[in-house]
Amino acid sequence: MINLTIPKKTRVYIPQDLQIEWNNLEPILNELLERQIDNVNELEQWLKDKSELEAALEEDFAWRYIKMSCDTANEELVKNFQYFAMEIEPKISPIANLLNQKFNDSAFIDELDQEKYFVYIRAIRKALEIYRDENVELLTKLQVSQQKYQGITGAMSVTINNQEYTLEQAANFIKDTDRAVRQQAWETIQQRRLADKDDLNILFDELVAMRHQVALNAGFENYRDYMFQALGRFDYTPKDCYHFHEAIEKKIVPILKAQAEKRAELLGIEVLKPWDMDVSTTGKPALKPFKSGEELIDKTINCFNAIDPKLGHMLSIMKANQLFDVESRKGKAPGGYNYPLAETGAPFIFMNSANSFRDLTTMVHEGGHAIHTFLTANLELNDFKHCPSEVAELASMSMELISMDNWHIFFDNEEDLLRAKKEQLADVLKTLPWVAVIDQYQHWIYTNPDHNAADRENAFKQIYNRFGAGFTNWDGLEKEFGNTWQKQLHLFEVPFYYIEYAIAQLGAIAIWKNYKENPQKALQQYLEALALGYTKPINEIYETAGIKFDFSLDYIDQLASFVKEELEKLG
């Protein structure tokens, strides 16, 4: 009998039954603050005790967020989330800063293993540098306001053929072989989005103003520069991002332009409209790799088992412990995520399945994150598990490509399997220009904080056009075009988290290239890299994975050519 239980972590420092309320937390935080540390061993024990508390707090917050996003219309769940954000976090933040200061001031910090703690010490010092008491209240307001996006978008639904659908479910009609059906569905979805356009613009204006003030308070000229420090981007600069955008424009956009021209030809259409971009050029209905959320989970477990039984076992543990919510429904927040449960050591996967091929890639993507969570679960300090997004997304995007060898589990016939692989590789290339658009758009937004909604719309159009506008004709659809950015939840909820997708996409292509040449070695390197968590700098983690941390013009050209060749092999 295979054991699918999650071993309960025994708390050593904090009470096993600790209730997350301020009256219970304050004495623990004060003990950490006042404890005398007389040698390096006591310093390390203090770090472990602090870590144990942080893990408990993180998991409590995680469940509040998960439950709220699973049912955004439930006021009680929203209040539970807001309680933590407004009553717990603002009181912890100043003490957490004092704890960081206590650590940094310790006479024994230099006696710690400097290689083991290098990344950790660097992060603590950066956090101390940018912390300001006056930002505690602002950051609390931001956390609560950001979640309004979930409430607004989670309530969106449309009626097609007298039946109500979430926007994710309705998107399946945009893949219909009948062009009139596609157009009607696309227009119906866009009209629904436009109905909330003003409310979302007002919300975004509020977020931009608060974020700019956070930056000013911390001594930065703008929020972009503040976030580069807050996200711990030690390995690249805003200027590097602009060079990356240029490289994508030069090396990826021409490939996509040629693909779009071929798409128009195969569809027998002179001008591609937005509703022509997702339909299969084979003239066949959209791929259906599964029929239900449960089947998606089971097939993904089998797919991961085929890669390595240990990976399948991890997802089986999640299923046995009800750590999935995958079906799309009204009132559920949009998008998908893998949320690590810091104390339990397993994650929760959330997504909005509409029984489409895109859901398969979302599931293996989030499954890659889940594997990462399991592999880092037993690292000594909670902070060692806090991987930068450039590493976290490497885990997920690599799994999208590695898993392709076993997609026959999802598709009964060879023709559908080939179609799926071709669509996936085309998406790999399509990801890069869209990431460049969203990243460059964020640079513009936060270095021009006094802009209004009309300025924002015009800036988005200009940036989008630079990267080919999807090679789609938007004539007569100016309102819809200018509002396209609002569907990207990262802009509202996790600002500046996006360029990492492009950096990690390059890394994932490189890992897949290695995997095609030597599957066993490449998989071992990939898993060893993930198991490091954030105990090494990003470039060393990438090197452990057998690849380079590089987004130069030449590297993009090399990897894009490889993907193009693989696409051509598929016919």
Side-chain angles (χ1 to χ4, degrees), residues 130 132 134-135 137-139 141-143 145-146 148-149 152-153 193-194 196-233 236-249 253 389 432-470 474 477-503 551:
I130 67 171
R132 298 292 186 278
E134 56 268 39
N135 276 340
E137 187 181 349
L138 262 178
L139 292 169
K141 283 182 182 173
L142 269 168
Q143 188 153 57
S145 295
Q146 285 165 187
K148 291 177 185 174
Y149 179 78
I152 294 169
T153 54
R193 287 195 180 279
L194 285 168
D196 284 322
K197 173 185 175 180
D198 291 342
D199 286 346
L200 286 173
N201 266 326
I202 290 166
L203 171 60
F204 200 73
D205 285 338
E206 291 171 4
L207 296 175
V208 170
M210 282 192 277
R211 287 166 182 165
H212 184 59
Q213 191 58 52
V214 165
L216 294 180
N217 289 349
F220 290 87
E221 190 177 321
N222 58 66
Y223 187 71
R224 189 269 311 271
D225 294 347
Y226 167 83
M227 280 304 286
F228 263 71
Q229 299 301 307
L231 289 168
R233 289 183 176 169
Y236 58 98
T237 65
K239 192 175 179 183
D240 290 328
C241 291
Y242 285 119
H243 289 321
F244 193 11
H245 304 156
E246 288 168 17
I248 289 169
E249 185 180 14
V253 171
S389 304
L432 295 168
W434 178 247
V435 171
V437 168
I438 294 299
D439 187 56
Q440 194 163 118
Y441 188 45
Q442 297 203 78
H443 284 258
W444 182 88
I445 287 167
Y446 295 106
T447 54
N448 294 277
D450 297 327
H451 70 266
N452 59 33
D455 298 331
R456 192 158 57 229
E457 191 170 310
N458 288 332
F460 176 76
K461 286 177 178 177
Q462 285 176 18
I463 293 166
Y464 193 37
N465 279 326
R466 179 182 161 194
F467 294 91
W474 289 86
L477 303 167
E478 281 74 20
K479 281 185 184 175
E480 294 87 344
F481 180 26
N483 198 49
T484 306
W485 67 273
Q486 283 194 356
K487 71 179 182 180
Q488 194 64 59
L489 69 84
H490 297 70
L491 293 168
F492 288 84
E493 294 191 15
V494 275
F496 276 97
Y497 181 177
Y498 218 67
I499 191 69
E500 298 93 337
Y501 286 105
I503 293 169
F551 39 98

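Here, residue 1 is the first one in the sequence, and each next residue gets the next number. None of the values given here were measured: they were computed from a predicted structure.
- Using bins of under 30°, 30° to 60° and over 60° for the plane-to-plane angle, the ring pair Trp444/His451 lands in the tilted bin.
- Asn452 pairs by the side-chain contact (heavy atoms from CB on, under 4.5 Å) definition with Ala454, Asp455, not counting sequence neighbours.
- Open room surrounds NZ on Lys141; 12 or fewer heavy atoms of other groups in view lie less than 6.0 Å from it.
- Two residues are said to be in side-chain contact when any heavy atoms from C-beta on lie closer than 4.5 Å; His245 and Phe467 meet this criterion.
- Phe244 and Phe551 have tilted rings, their planes meeting at an angle from 30° to 60° on a 0 to 90° scale.
- At least one side-chain heavy atom of Ile445 sits under 4.5 Å from a side-chain heavy atom of Val208.
- Inter-residue side-chain proximity for Gln213 and Asn217 is flagged as met; some heavy-atom pair is nearer than 4.5 Å.
- Taking the six-membered ring for Trp, Tyr223 and His212 have ring centres at least 6.0 Å apart.
- Using a 4.5 Å cut-off on side-chain heavy atoms (C-beta onward), Phe220 and Ile130 make contact.
- Annotation: Glu478, atom CD; neighbour count of heavy atoms from other residues, nucleotides and ligands within 6.0 Å is above 12.
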Do Glu457 and Lys197 pass the salt bridge (charged side-chain N to carboxylate O under 4.0 Å, His left out) test, and can you show the C-alpha distance, the side-chain angles, and the key distance before you say yes or no?
CA-CA 11 Å; Glu457 191 170 310; Lys197 173 185 175 180; 3.0 Å; yes
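- Taking the side-chain hydrogen bond (donor to acceptor under 3.5 Å, both in side chains) definition, one finds that Thr237 meets it with Asp240, sequence neighbours left out.
- Heavy-atom minimum distance, Leu491 versus Arg211: O-NH1, 3.2 Å.
- To the nearest 0.5 Å, atoms CD1 (Ile499) and OG (Ser389) are separated by 11.5 Å.
- Atom CD of Glu137 is surrounded by 12 or fewer heavy atoms from other residues, nucleotides or ligands within 6.0 Å.
- The shortest distance between side-chain heavy atoms of Glu249 and Arg466 falls below 4.5 Å.
- Between the side chain of Asp439 and the backbone N or O of Tyr498 there is no donor-acceptor pair closer than 3.5 Å.
- Taking the ring centroids of Phe204 and Tyr149, they lie at or beyond the 6.0 Å cut-off.
- Donor-acceptor pairing under 3.5 Å is recorded for the side chains of Trp434 and Gln488.
- The line from CD1 of Ile463 to CD of Gln442 is 10.0 Å long, rounded to the nearest 0.5 Å.
- Using cut-offs of 30° and 60° for the angle between ring planes, the Tyr464 and Phe481 rings count as tilted.
- Aromatic ring centres of Tyr242 and His443 lie closer together than 6.0 Å.
- Expressed to the nearest 0.5 Å, how far CH2 of Trp485 lies from CZ of Phe460 amounts to 9.5 Å.
- At least one side-chain heavy atom of Trp474 sits less than 4.5 Å from a side-chain heavy atom of Thr484.
- Under the salt bridge (charged side-chain N to carboxylate O under 4.0 Å, His left out) criterion, the residue pairs touching residues 482-500 are Arg233-Glu500, with sequence neighbours excluded.
- Between Tyr446 and Tyr226, the gap from one ring centroid to the other reaches at least 6.0 Å.
- Between the side chains of Asp225 and Gln229, no donor-acceptor pair of N or O atoms lies under 3.5 Å.
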For His490 and Tyr501, run side chain to side chain donor-acceptor pair (under 3.5 Å): C-alpha distance rounded to whole Å, both residues' side-chain angles, the deciding distance at 0.1 Å, then the answer.
CA-CA 12 Å; His490 297 70; Tyr501 286 105; 3.0 Å; yes
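- Side chains of Asn201 and Arg456: a donor on one and an acceptor on the other come within 3.5 Å.
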